[in-house]
> 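Dumping the structure here so I can ask a few things about it.
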Amino acid sequence: MRHFIITIVSIFLLACEVFSQSVTLKVREKTILRGERYLTVKFSVEGASENFTDVDVAVCLPEGDWAIDEEFAKEFTSKVLIQQDGNVYYPEVYDILTIGGKVGLMMGFEKKFKIEKPFKINYPISEKVVSSGEMNIPENLWEGYSKSFKTYQDGVKLYSDRNYQRSADVLFRVVADDMAKKFSFYKDAREKCVKSLDNILIELVDKFNSIVSATIEPEDKLKMYDSLKIQFQDYVNAVLTPKLNVLADTLVFAMLSRANSYFEKIENEISAEKYRLDVKNISWLNTESGLNFKYRLIIDALAYAFTSESFWDNPDTTKFEFVLPDTLLANLKVFGVEKDYNIFQRVCISNMKNKGTLFDEKFLVNLLNNSSYLPQPYYEIFLAIDNYIRKNYSESKNYIIGALKRLTDYELIRRIEVLRSMIFVKQQNLSAEAVELYREGLRKLSSGDKTGGLDAFRRAILLEPRFPLTNFTIGEIYFQENDLYPAIIYFSKAVSLDSNFVLAYERLFDIYRIQGNWADARTVLETALSGGNDFWIIRILLAQAYNELKLYDKAIESLTKAISYNPLNYEQYVYLGVVYSNVGRFEDAERVLKKAAEINPDRKEAYQELKRVEELKKQKKQDEKLKEKKK
């Protein structure tokens, strides 16, 4: 140990010649025979701290002409002590060596006292006289100073160079080191570390603001936002969060709050930009002609989507479900417009949440302009749904009536009639509990529990006798089971409660058709007409009843009226061709059947009926020739 001390300290002294603040002690009083003697004590740990950590080293050099010898060294080291915070420390080891031409004494103190705090050195010259002195060791000689200060300097340089990401990491190594807290530069290191973190956030916020204000395409903005989002996430997770608990600074907590708020702003901007991109991608629907097959296909699919009860009657806007026929969904995929269809839905839902309305004005104007080319009254359907969502129930009902005038699609009729029935519920202020029982009945039916469904419907009627939709639904259950007489009762009850219940009129017609009771079929449909239900579907069904009753002129009148409401339906021309042929108006029959073939050249009914008309014409000529011969 003794030789080790000499080697380490000698190297240190020769290389650095750095000493602490010193104190000079009197080590001998003046006597008649001998004079006073003084010894200067200097402490240093610099250079030895990394390799020699169990003691602090004191260098003692004599003042004047006297020399230290072994006897003095033993006496001095046996008496000298250090006092600090009420504790006393003695030298553990010593050695004698020559330093700068003088014989010096090296002492090693066990590292229990704190060299960075003031301490007192005492040396009792006699029982009555004690020589002592206060010492304050400069911090550059404290343990760990060189390493911490070097790290601090590196961090400050990075900070000055505005390399805030690196400076935050480097300075944090000083801040997180408990041993570094004693150094004077610790406070500045901490402040610059916090400022570096703040400057990183400022740079990110500046990037965010520049992207927001940039006039670039939505696709490019989205890429930039995605990149910035990752940078903010890295800042929070990798830069800020690990330092948060150590720094425990209100400014840092404020940074975290700001960073999270900007993260939310980025998410909002991404949503807004995606919306703008969606709007851009489907902008063709605002200008495309109704003659475009893909345009018509999407509009048709959207009509089904927005008339889905799971959409318009769902208060949870996160769980919208659009129910389309399988064939329609398959066509969207086959013709490559499923993506546009889905985008349009997203735009509409976003509009509903942010603007309170489903459809953009440009889309509706173009849809209205294309109405004459479209097979269904989509404009009225969309506005009916839009007004319902906005709780404009009277307006919604008016658009439903307008849609029913031209509607030829039986499923769309059913869907929009259910919507109108729910408007009836709201306008008549029917019992909310009864409505919930109705919905419970639907849920049980869909799960296969017919008995439970019927029970819920009947309880709804007991609670609210004025509920036409529930009566209709019970009638529908009986109808599907071919139990027609109770079905007639419930359908009739629905009509008596709601004289505009087109579905109930249609079902009553179906029952009378099955029974071959065309007189009652005629009566119920004429009742519907007199009740203000002058719609395409009523005119078509009534024409069938007239035809079966051989009231051909009335059938032709009713079909002609239906065609005036919607000239794009295939079946009505075929059926009118049949009626014309029944009364021998073969030229008129051929004319309307050819019109049907033009509307849908892929269907066979019109061609088959044309062949039958041709045969009837031949038969008529043959009959006329026979009559001529008989004459």
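Numbers for residues simply follow the sequence, beginning at 1.
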> Please examine the side chains of N370 and Y379, heavy atoms only from C-beta on, and report whether any two atoms are closer than 4.5 Å.
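In short, these two side chains do not touch, never coming nearer than 4.5 Å.
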
> Look at the side chain of N354 and the backbone N and O of S350, then say whether any donor-acceptor pair between them is shorter than 3.5 Å.
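It does hold such a pair.
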
> Would the number of heavy atoms belonging to other residues, nucleotides or ligands and lying under 6.0 Å from CG of D553 be above 12?
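Atom CG in D553 is not crowded, with 12 or fewer foreign heavy atoms closer than 6.0 Å.
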
> Between R459 and D455, does at least one N-O distance fall below 4.0 Å, as a salt bridge requires?
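Judged by the 4.0 Å cut-off on N to carboxylate O distance, R459 and D455 do form a salt bridge.
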
> What pair of heavy atoms forms the shortest contact from F311 to A305, and how long is it?
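It is CB-O, 4.0 Å.
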
> Rounded to the nearest 0.5 Å, what separation is found between the CZ atom of F382 and the OG1 atom of T307?
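Reported to 0.5 Å precision, the distance equals 8.5 Å.
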
> Could you state the interatomic distance from OG1 (T470) to CG (L462), rounded to the nearest 0.5 Å?
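If we round to the nearest 0.5 Å, T470:OG1 and L462:CG are 11.0 Å apart.
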
> Hey, mind stepping through L328 and L297 against side chain to side chain contact (heavy atoms under 4.5 Å, CB included) and telling me if it holds?
CA-CA 8 Å; L328 189 51; L297 180 59; 3.6 Å; yes

> Under a 4.5 Å cut-off applied to non-hydrogen side-chain atoms, are Q231 and K207 in contact?
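The answer is yes, as the side chains (C-beta and beyond) meet within the 4.5 Å cut-off.
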
> Sort and list the pairs that fulfil side chain to side chain donor-acceptor pair (under 3.5 Å) and have at least one residue in residues 392-402, not counting sequence neighbours.
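Side chain to side chain donor-acceptor pair (under 3.5 Å) check on residues 392-402 returns N387-N392, S394-Q427.
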
> Before you tell me yes or no, could you show the steps for E609 and R612 under salt bridge (Lys or Arg N to Asp or Glu O under 4.0 Å), namely the whole-Å CA-CA distance, both residues' side-chain angles and the distance that decides it to 0.1 Å?
CA-CA 5 Å; E609 194 60 32; R612 191 177 77 85; 2.6 Å; yes

> Salt bridge or not for E411 and R415, using N-O below 4.0 Å?
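Looking at E411 and R415, the cut-off is met.
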
> I'd like to know whether V425 forms a side chain to side chain contact (heavy atoms under 4.5 Å, CB included) with L469, so could you lay out the CA-CA distance, the side-chain angles of the two residues, the decisive distance to 0.1 Å, and finally the verdict.
CA-CA 9 Å; V425 166; L469 186 57; 5.7 Å; no

> Among L368, L364, L367, L358, whose side-chain contact (heavy atoms from CB on, under 4.5 Å) with L383 holds?
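Of L368, L364, L367, L358, side-chain contact (heavy atoms from CB on, under 4.5 Å) with L383 is met by L364 alone.
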
> Mark yes or no for whether Y505, through its side chain, and N500, through its backbone, hold a donor-acceptor pair below 3.5 Å.
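Not confirmed, Y505 side chain does not pair with N500 backbone.
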
> What heavy-atom pair brings A504 and V495 nearest, and what distance separates the two atoms?
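Smallest interatomic distance, heavy atoms only, reads CB-CG2, 3.5 Å.
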
> Angle between ring planes, Y478 versus Y490, binned at 30° and 60°: parallel, tilted or perpendicular?
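It falls in the parallel class, under 30°.
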
> For residues F306 and I381, determine if any side-chain heavy atom of one lies less than 4.5 Å from a side-chain heavy atom of the other.
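Sidechains of I381 and F306: no contact.
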
> For Y373, I'd like to know if atom OH has over 12 heavy atoms of other residues, nucleotides or ligands within 6.0 Å.
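Not buried by this count: 12 neighbours or fewer within 6.0 Å.
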
> With no hydrogens and no angle check, is any side-chain donor or acceptor of K405 less than 3.5 Å from a backbone partner on Y565?
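Not a single qualifying donor-acceptor pair exists.
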
> Are R458 and I461 side-chain neighbours, meaning at least one heavy-atom pair lies under 4.5 Å?
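They are not in side-chain contact.
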
> Check step by step if side chain to side chain contact (heavy atoms under 4.5 Å, CB included) holds for F208 and I266.
CA-CA 8 Å; F208 170 77; I266 291 174; 3.7 Å; yes

> Ignoring hydrogens and geometry, is there a side-chain-to-backbone donor-acceptor pair from N281 to L277 under 3.5 Å?
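At least one qualifying donor-acceptor pair exists.
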
> Is N369 reaching over with its side chain to a backbone N or O of V365, donor-acceptor style, under 3.5 angstrom?
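Yes, N369 side chain to V365 backbone: donor-acceptor pair under 3.5 Å.
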
> How long is the span from the CD1 atom in I538 to the CD atom in E506, to the nearest 0.5 Å?
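So the CD1 of I538 and the CD of E506 are separated by 8.0 Å.
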
> Is the backbone of N566 close enough, under 3.5 Å, to the side chain of Q572 for a donor and an acceptor to pair up by distance?
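Here the side-chain-to-backbone pair exists.
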
> Does K617 qualify as a cation-pi partner of F586, given the criterion of NZ or CZ under 6.0 Å from the six-membered ring centre and within 45 degrees of its axis?
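No, K617 does not sit over the ring of F586.
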
> Give me the atom names and distance for the closest heavy-atom approach of P468 to A494.
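Nearest pair, atom of P468 first, then A494: O-CB, 3.6 Å.
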
> For K229, is there an ion pair with D226 - N to carboxylate O distance below 4.0 angstrom?
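No, D226 and K229 are not salt-bridged.
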
> Are the side chains of Y512 and I488 in contact, using a 4.5 Å heavy-atom criterion?
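Counting from C-beta outward, I488 and Y512 do come under 4.5 Å.
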
> Strictly below 4.0 Å, N to O, side chains only: are D498 and R420 in salt-bridge contact?
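The answer is yes: the pair qualifies as a salt bridge.
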
> Is a side-chain N or O of E464 found less than 3.5 angstrom from the main chain of R466, in a donor-acceptor match?
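Yes, E464 side chain to R466 backbone: donor-acceptor pair under 3.5 Å.
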
> Take atom OH of Y485 as the centre, draw a 6.0 Å sphere, and report whether it contains more than 12 heavy atoms from other residues, nucleotides or ligands.
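For Y485, atom OH is not crowded (no more than 12 foreign heavy atoms under 6.0 Å).
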
> Quick check: do Y546 and Y552 have side-chain heavy atoms less than 4.5 Å from each other?
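Sidechains of Y552 and Y546: no contact.
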
> Quick check against the 3.5 Å criterion: does N569 have a side-chain atom that pairs as donor or acceptor with the backbone of R406?
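Here the side-chain-to-backbone pair does not exist.
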
> Parallel, tilted or perpendicular, judged at 30° and 60°: which one describes the rings of Y295 and W284?
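Aromatic pair Y295/W284 classed perpendicular.
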
> Before giving the answer on side chain to side chain contact (heavy atoms under 4.5 Å, CB included), spell out for I343 and R346 the whole-Å C-alpha distance, their side-chain angles and the decisive distance to 0.1 Å.
CA-CA 5 Å; I343 289 174; R346 285 203 304 269; 3.4 Å; yes

> Tell me whether the NZ or CZ atom of K604 lies within the 45° cone about the ring axis of Y607 and under 6.0 Å from its centre.
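No, cation not above the ring by the 6.0 Å, 45° rule.
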
> Kindly compute the distance separating CG (L559) from OH (Y573), expressed to the nearest 0.5 Å.
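Between atom CG of L559 and atom OH of Y573 there are 11.0 Å.
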
> Charged N to carboxylate O below 4.0 Å: is that the case for E417 and R414?
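Answer for the salt bridge query: no.
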
> Output every pair passing salt bridge (Lys or Arg N to Asp or Glu O under 4.0 Å) with a member in residues 555-579, not counting sequence neighbours, ordered by first then second residue.
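Sorted pair list: E571-R603.
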
> May I ask you to decide whether D588 forms a salt bridge with R591, counting only side-chain N to carboxylate O separations under 4.0 Å?
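R591 and D588: salt-bridged.
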
> Roughly how far, to the nearest 0.5 Å, is CG of L576 from CG of N582?
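Result: 10.5 Å between the selected atoms.
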
> To the nearest 0.5 Å, tell me how far S558 OG sits from N547 CG.
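Reported to 0.5 Å precision, the distance equals 11.0 Å.
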
> Please report whether the ring centroid of F344 lies less than 6.0 Å from that of F363.
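Under 6.0 Å, so yes.
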
> What's the shortest heavy-atom distance between P377 and A403, and which atoms?
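That would be CG-O, 3.2 Å.
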
> Please confirm whether the backbone N or O of F501 pairs with a side-chain atom of N533, one donor and one acceptor, at under 3.5 Å?
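No.
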
> With a 4.0 Å cut-off on N to O distance, would you call K280 and E217 a salt bridge?
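Here K280 pairs with E217 in a salt bridge, since their nearest N and O are under 4.0 Å apart.
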
> One thing to verify: whether E440 and K444 come together as a salt bridge, which I'm taking to mean a side-chain N less than 4.0 angstrom from a carboxylate O.
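E440 and K444: salt-bridged.
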
> For a 4.5 angstrom cut-off between non-hydrogen side-chain atoms, does Y225 reach V212?
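Yes, their side chains come closer than 4.5 Å.
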
> Looking at Q480, I'd like to know if its CD atom is crowded, meaning that more than 12 non-hydrogen atoms belonging to other residues, nucleotides or ligands lie closer than 6.0 Å.
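Counting neighbours around CD of Q480, more than 12 heavy atoms of other residues, nucleotides or ligands fall under 6.0 Å, so yes.
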
> If I compare all heavy atoms of A596 with all of Y570, which pair ends up nearest, and what's the gap?
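Reported closest heavy-atom pair: O-CD1, 3.1 Å.
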
> Considering only heavy atoms from C-beta outward, does the side chain of E614 approach that of E590 to under 4.5 Å?
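They are in side-chain contact.
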
> Looking only at non-hydrogen atoms, find the nearest pair between L463 and A434 and report the distance.
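Where L463 meets A434 most closely, the heavy atoms are CD2-N, 3.5 Å.
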
> Should we count CG of D326 as having more than 12 external heavy atoms under 6.0 Å?
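Incorrect, the count does not exceed 12.
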
> Any sub-3.5 Å donor-acceptor pair from S308's side-chain atoms to Y304's backbone N or O?
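Yes.
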
> Residues two or more places apart in sequence or in another chain: which of them pass salt bridge (charged side-chain N to carboxylate O under 4.0 Å, His left out) with E526?
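Checked E526 against salt bridge (charged side-chain N to carboxylate O under 4.0 Å, His left out); matches are R522.
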
